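Everything below concerns the one structure shown next.
These numbers come from the heavy atoms of this one structure, side chains and all, not from hydrogens, waters or symmetry mates. Treat the numbers as computed from the prediction; the structure is a model and nothing was measured.
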There are 2 protein chains.
Amino acid sequence: MKAAQLIPTALRHFASHGYEGASLNDIAQEVGIKKPSIYAHYSGKDDLFLKTMAYALGEQKKHLASYFVETRQLPLETSLKGFFDWFIEESNQNDQMKFILRIAYFPPVKLEHEVTALINPFFDSIHRHLARLFRERDRTEQILYSDDYTSGALAYLTVAEGTMTELVYNGIDAYQQRLTAVWPIFWRGLVR
Amino acid sequence: MKAAQLIPTALRHFASHGYEGASLNDIAQEVGIKKPSIYAHYSGKDDLFLKTMAYALGEQKKHLASYFVETRQLPLETSLKGFFDWFIEESNQNDQMKFILRIAYFPPVKLEHEVTALINPFFDSIHRHLARLFRERDRTEQILYSDDYTSGALAYLTVAEGTMTELVYNGIDAYQQRLTAVWPIFWRGLVR
DNA sequence: CATAAACTAACGACCGTTAGGAAGGTGAAT
DNA sequence: ATTCACCTTCCTAACGGTCGTTAGTTTATG
């Protein structure tokens, strides 16, 4: 029963080669089965891709939530800034994020609708989660400059996406360089 | 001599389908020639791709430079903020930026070295250009909080990349939403 | 007349997919 | 306890199609 490895393996291939560039033959070979055996578990490449996407989104949603639950009692700055450092340590999960960022920005043309139908709620959920975090913390800490928590959360999300994309492609050094450049400015702009 | 249209057409196809997903047949057909005729002008798909990339980088370099030359006399904030509005109006150039962002983040695996060898100097050049702009303007306006102009420029670049990526994929509405969220915070963090 | 730029035809390789069958396990009927 | 049917999971073989590429030839240009 090699089907269990199929999705994580497909995820890595889709992440680094894209939908069109990934080969079912290569994926099967890495799992240790032949290409047609994939069809015992998935109805085709589209099906495998969409199930892989659902898996990646679900895992990342849990994974990101776990961080912000763990750091619930920390100050907002520690929590927000610490996320970036935490993300490096959890770099075994980078393939999932690389996959998500890739298909979010450049989805396969023929699956564009299906992709956005799953991706948009994912980012909206994160956005709402962050906005709620901003609002709740500001109620106790009262440090934010503006009470437009939705915009604050969206700005944080933009910075996070930009730096994470840098990480998954250009590596840790470029990531930390961007981070030390952008974080102090962002935080100064956010607080009173 | 349909070769002149070949690069702009290839650019659009590479931008929206990626290297692996773009088809020489489709590109040739759109130009109005047959697929093998491409080989009268380029030695193969790799060659066409790399020449397309060189073209896109060169054009965008000129195009971006033209904006910051035009706005040389304006205040720094007007110049930096205005860039985002200008970028919308010049949306006919969006395919070039979409192409560049796509291959910068997710280059074709087999051409990774050649791509990064051209992409890194491109972004470094923009980064240096921005850092110089920050330094020169701060000498006359004296408004920036920090004299670390390199970091300031890199932070601006991160924000610009994040929002532009949003534009080329998710459209103008999402772009402006991000922009109005992130710009006030970024600028507050940047100035005294 | 020479050269560039297009064409047709075809190549081998790989693509995703399907058909059909072998091996193994499960569970009900004998 | 044994047999039988069934289902899952894998296999081999092969399909039609598209891919990038090459060879050889014709057309157009200058």
Side-chain angles (χ1 to χ4, degrees), chain A residues 1-56 99 102-103 106-115 118, chain B residues 1-56 99 102-103 106-115 118:
Chain A
M1 173 72 150
K2 302 296 186 63
Q5 311 170 29
L6 218 33
I7 286 209
T9 303
L11 187 136
R12 287 205 323 282
H13 283 248
F14 283 133
S16 53
H17 298 90
Y19 174 83
E20 294 92 349
S23 153
L24 291 184
N25 199 29
D26 293 351
I27 294 171
Q29 198 163 331
E30 191 172 316
V31 170
I33 62 177
K34 302 296 178 182
K35 176 174 55 160
S37 304
I38 293 178
Y39 288 76
H41 307 282
Y42 303 97
S43 71
K45 194 183 191 181
D46 293 5
D47 188 34
L48 176 61
F49 178 83
L50 292 173
K51 296 234 167 80
T52 300
M53 174 169 64
Y55 166 79
F99 173 85
R102 177 164 205 158
I103 65 171
F106 309 107
V109 181
K110 62 176 290 200
L111 297 177
E112 198 170 327
H113 286 102
E114 292 88 334
V115 167
L118 287 179
Chain B
M1 175 68 153
K2 302 296 186 65
Q5 312 170 28
L6 218 34
I7 287 212
T9 303
L11 186 133
R12 288 206 322 281
H13 281 249
F14 284 134
S16 54
H17 299 90
Y19 173 83
E20 295 91 350
S23 153
L24 291 185
N25 200 27
D26 293 350
I27 295 172
Q29 198 164 333
E30 192 172 317
V31 170
I33 61 177
K34 304 294 180 181
K35 176 174 57 163
S37 304
I38 294 178
Y39 288 77
H41 307 282
Y42 303 96
S43 73
K45 194 182 191 180
D46 293 6
D47 188 34
L48 176 60
F49 179 83
L50 292 173
K51 295 234 166 79
T52 300
M53 174 168 65
Y55 166 79
F99 173 85
R102 177 165 203 156
I103 67 172
F106 309 108
V109 181
K110 62 176 291 202
L111 296 177
E112 197 170 328
H113 286 101
E114 292 88 334
V115 167
L118 288 179

Please list all pairs meeting ring pair (Phe, Tyr, Trp, His ring centres under 6.0 Å) that have one or both residues in residues 21-45 of chain A, counting only residues at least two apart or in different chains.
none

What residues, two or more places apart in sequence or in another chain, satisfy side chain to side chain donor-acceptor pair (under 3.5 Å) together with B:H13?
B:E30

Any residue meeting ring-ring contact (aromatic ring centres under 6.0 Å, His included) with A:F49, in chain and number order, not counting sequence neighbours:
A:F14, A:Y19, A:F99

Identify, with sequence neighbours excluded, every residue that meets side-chain contact (heavy atoms from CB on, under 4.5 Å) alongside A:E114.
A:L50, A:L111

Using only atom types and a distance under 3.5 Å, with no angle test, would you say the side chain of B:K35 pairs donor to acceptor with the backbone of B:S23?
no

Using a heavy-atom cut-off of under 4.0 Å over every strand shown, decide if A:A22 touches base, sugar-phosphate, or nothing.
sugar-phosphate

Which pairs, protein N/O on one side and nucleotides 4-10 of chain C N/O on the other, fall under 3.5 Å?
| unit_1 | atom_1 | unit_2 | atom_2 | d |
| --- | --- | --- | --- | --- |
| C:dA6 | OP1 | B:M1 | N | 3.4 |
| C:dA6 | OP1 | B:K2 | N | 2.8 |
| C:dA6 | OP2 | B:H41 | NE2 | 2.4 |
| C:dC7 | OP2 | B:K34 | N | 2.5 |
| C:dC7 | OP2 | B:S37 | OG | 2.6 |

Under the salt bridge (Lys or Arg N to Asp or Glu O under 4.0 Å) test, which residues partner A:K51, sequence neighbours left out?
A:D47

Test item: A:K45 side-chain N/O and A:A22 main-chain N/O as donor-acceptor pair under 3.5 Å
yes

Return the value, rounded to whole Å, for the distance between atom CG of A:D26 and atom P of C:dA13.
16 Å

Nearest-angstrom distance from the residue atom NE2 of A:H17 to P of C:dC15:
11 Å

Say you draw a straight line from CG of A:D26 to OG1 of A:T9; how long is it, rounded to the nearest 0.5 Å?
11.5 Å

Roughly, in whole Å, what's the span from CG in A:N25 to P in C:dC15?
6 Å

Mind grabbing the angle between the end helix axes of the helix from C:dC1-D:dG30 to C:dT30-D:dA1? Five pairs an end, 10° rounding.
10°

Reading DNA chain D in the 5' to 3' direction, which nucleotide is the first one with an atom under 4.0 Å from a heavy atom of chain A, and which is the last?
D:dT9 to D:dA13

Taking side chain to side chain donor-acceptor pair (under 3.5 Å) as the test, write out the residues that go with B:K110, two or more places apart.
B:D46

